[in-house]
Amino acid sequence: MSRELKNIRNIGIAAHIDAGKTTLTERVLYYTGKSHKIGEVHDGNATMDWMVQEQERGITITSAATTCHWGDTNVNIIDTPGHVDFTVEVERSLRVLDGMVAVFCGVAGVQPQSETVWRQANKYKVPRIAFVNKMDRVGANFDNVVRMLKDNLHANPVVLGAPIGAEDSLIGMLDIVNSKEIIYDSKDGESFTVHEISEENQATYDAYREKLCEVAAESSEELIEKYLETGELTTEDIIVGIRDLTCRVEIIPVLGGSAFKNKGVQPLLDAVVSYLPSPLDVEAVVGIDSKSGDEVKCPADVDSPFAALAFKVQTDPFVGKLTYARVYSGTIKAGSYVVNTSKDKRERVGRLLQMHANTRTELKEAFAGDIIAVIGLKDTKTGETLAEENSKTVLENITFPEPVIFVAIEPKTKKDQEKLSTSLTRLSEEDPTFRYRSDADTGQTIISGMGELHLEVIVDRLKREFFVEANIGKPQVSYKETIAKHAKAEGKFVRQTGGRGQYGHCIITIEPLERGKGFEFESKVVGGRIPKEYIGSVEKGVVGCLDTGVVAGFPLIDVKVTVLDGSFHPVDSSDIAFQVAGSYAAKEAVKNASPQILEPIMDVEVEVPETNMGDVISDLNSRRGKIESIDEDIQGIKKIKAHVPLSEMFGYATAVRSLTQGRGVYTMQFFSYSECPKNVYQALVAERSKGG
């Protein structure tokens, strides 16, 4: 077999919006010979931004996968979105990748979404390299970004390649590992010459080199001894040491350049091959045997039992449903059968594809370490495990954030009505942070997601891909209900109507739980006062009541319900009677337990010129915002961090533009649920009673 596991790199490219991820990926594809011309995001012709919505908006919405070759190494790349509304794409990509290139803007440095991406990479312990991009821009400062990596992300950055010059005078790179200067001679970055370190750059090189040797030596006793004896390490020693520490996620190698000006991309590719892990260098993925509960290791070995994780489902207009999967161990053949062990369902593998954005190459088989797309899987969703037949191994699922915003959607015609539910099902299969449901009270279909842009893109896709015309309501906030104190209540449902009657009776207590604990149910009924088969019915009734809310129709969260007592009738008691009794008791208990309405609070960061700071702060205060900090950025830009209720943030993009003459930018992500003020509570309750 020509492919060797040690020559495979599965990497993601991730960063804050507009840091230049897609531009960097386009350069990588060009230099590796995968594409013959460089696509540009601003021209709408970037290979990896293949969706119409991406080309129009100039942003990445869906993570795109591709494979290219650098020397003998096969590099599988996933280009991920930077916008906070599409965080799910980064989350699921990092779950299946072995390494990551984190891109930072040379001017802005560590931005809010870079912090989110960093947290996600920490969660999955993903080794990473930092690339400081846009070093050709006015105000670019390489050392400042390295400092921010240390201060803001608590990382341990080690410079391997520093830019020579900055802004208009960016001419090349200092290669600290190989003790050389790379000077670019041509605009496309293909032509460059390698020189010895010049006198003017010697002091800078010496400082970086000393730090590099000190860090590399720390990787092993042997290197420490060598460094202490000689005061120097060879290039080979440094590569071994840095690779080891990077794979252990103890350091972050840093390089700089400008993807747009084609500078620094080849050294970055060399670094990906030299320092990021192959599937053999990362710990074997551990699954659970669903039958015995024992741990099962899935080593990166083609001869081990087959195990893979489906990390993305995509609807393709030409081939139907595509399921992206990372093969962790074993081999999979086109036309074979596998088992979805998460659901215990047999699936047929129709065709196997290697993806390049939205074009594809057919494969006969795939092996451990590969990232592929499968056609033919009917029941497999994101986060589910595929394994060989008779296997019971289930890999850890992927967790996704809850949607925070929703809108009502109404099809324009009867024909659209029929197509709508099929289209929404397919979209929710693709994107686990997108949900839809029917509102029993109004008969409307409600769609929910991570933000206004997220839902805007969904509606746009309904129209263009699924040809569904629909009217959209105003965005609504996903409020929740909870309680503040302990309460007790009784629920009784008795009905006599000739013949057999209905009888259900229970006494429950309800108490608040810590935020994020969800719902707990316990039975303390003794002596068969409520027969065992009806305890589940009481729980069903309670859950039904809490799901539809008591105060204002929002789901109730973070409560514990305990059934203490009750009674039954040997003839008239039934499942439905105890469900109704449970529902009555829950409703009564909530009313007596100081009910509260919780609203989503967003973490908002606004970057504004100092002259507009006062106006922006008073506007945030008028939106019930709580200012957390104000930091000075480079070039006199102020960073205002605040916590603001989501309900007050609709249309903020327009507001911040007009307050700052178009110079202010902001980012927003979910922070927590918090009790809403009395006036908001009363307004929501009044709206409910008006509607009901």
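Since the model is a prediction, treat every value here as computed from it, not as a measurement. Numbering starts at 1 and runs along the sequence shown.
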Could you give the distance from CE (M135) to SG (C105), rounded to the nearest 0.5 Å? 9.5 Å
Please lay out, stage by stage, how N201 and T204 fare under the test side chain to side chain donor-acceptor pair (under 3.5 Å). CA-CA 5 Å; N201 292 323; T204 309; 5.1 Å; no
Judged by atom type as modelled, is there a donor-acceptor pair below 3.5 Å linking the side chain of T341 to the main-chain atoms of T393? yes
Taking atom NZ of K261 and atom CD1 of I171, what is their separation to the nearest 0.5 Å? 14.0 Å
Considering residues at least two apart in sequence or located in another chain, which fulfil the side chain to side chain contact (heavy atoms under 4.5 Å, CB included) criterion with A373? L322, L353, M355
Can you list the residues that meet the side chain to side chain contact (heavy atoms under 4.5 Å, CB included) rule with T193, with sequence neighbours excluded? I183, D185, H195
About how many Å separate CZ of R9 and OG of S274, when rounded to the nearest 0.5 Å? 8.0 Å
Side chain to side chain donor-acceptor pair (under 3.5 Å) partners of K180, counting only residues at least two apart: E196
Across all chains, not counting sequence neighbours, the salt bridge (charged side-chain N to carboxylate O under 4.0 Å, His left out) partners of K297 are none
With no hydrogens and no angle check, is any side-chain donor or acceptor of T73 less than 3.5 Å from a backbone partner on V75? no
Salt bridge (charged side-chain N to carboxylate O under 4.0 Å, His left out) pairs touching residues 201-217, sequence neighbours excluded, are R209-E232
Do L268 and Y31 make a side-chain contact, defined as non-hydrogen atoms from C-beta onward lying under 4.5 Å apart? no
Any chance you could measure L233, atom CG, to K226, atom NZ, to the nearest 0.5 Å? 6.5 Å
Can you name the side chain to side chain donor-acceptor pair (under 3.5 Å) partners of N122, sequence neighbours left out? R128
Would you confirm whether N76, through its side chain, and D370, through its main-chain N or O, come within 3.5 Å as a donor-acceptor pair? no
Please name all residues satisfying salt bridge (charged side-chain N to carboxylate O under 4.0 Å, His left out) with R248, sequence neighbours left out, ordered by chain then number. D244, E250
Among all residues two or more places apart in sequence or in another chain, which pass the salt bridge (charged side-chain N to carboxylate O under 4.0 Å, His left out) test with K150? none
With sequence neighbours excluded, what pairs up with N178 under the side chain to side chain donor-acceptor pair (under 3.5 Å) test? D175
side-chain hydrogen bond (donor to acceptor under 3.5 Å, both in side chains) test vs S258 passes for just one of N133, D136, T23, namely D136
R326: which residues meet the side chain to side chain donor-acceptor pair (under 3.5 Å) condition with it, sequence neighbours left out? D98
Sequence neighbours excluded, the answer for side chain to side chain contact (heavy atoms under 4.5 Å, CB included) partners of A162 is F142, V159, L174, Y208
Is there a donor-acceptor contact under 3.5 Å from the side chain of T385 to the main chain of S342? no
Going from OG on S278 to CD1 on I8, what distance comes out if it is rounded to the nearest 0.5 angstrom? 8.0 Å
Please list, chain by chain and in numerical order, all residues satisfying salt bridge (charged side-chain N to carboxylate O under 4.0 Å, His left out) with D281, sequence neighbours excluded. R243
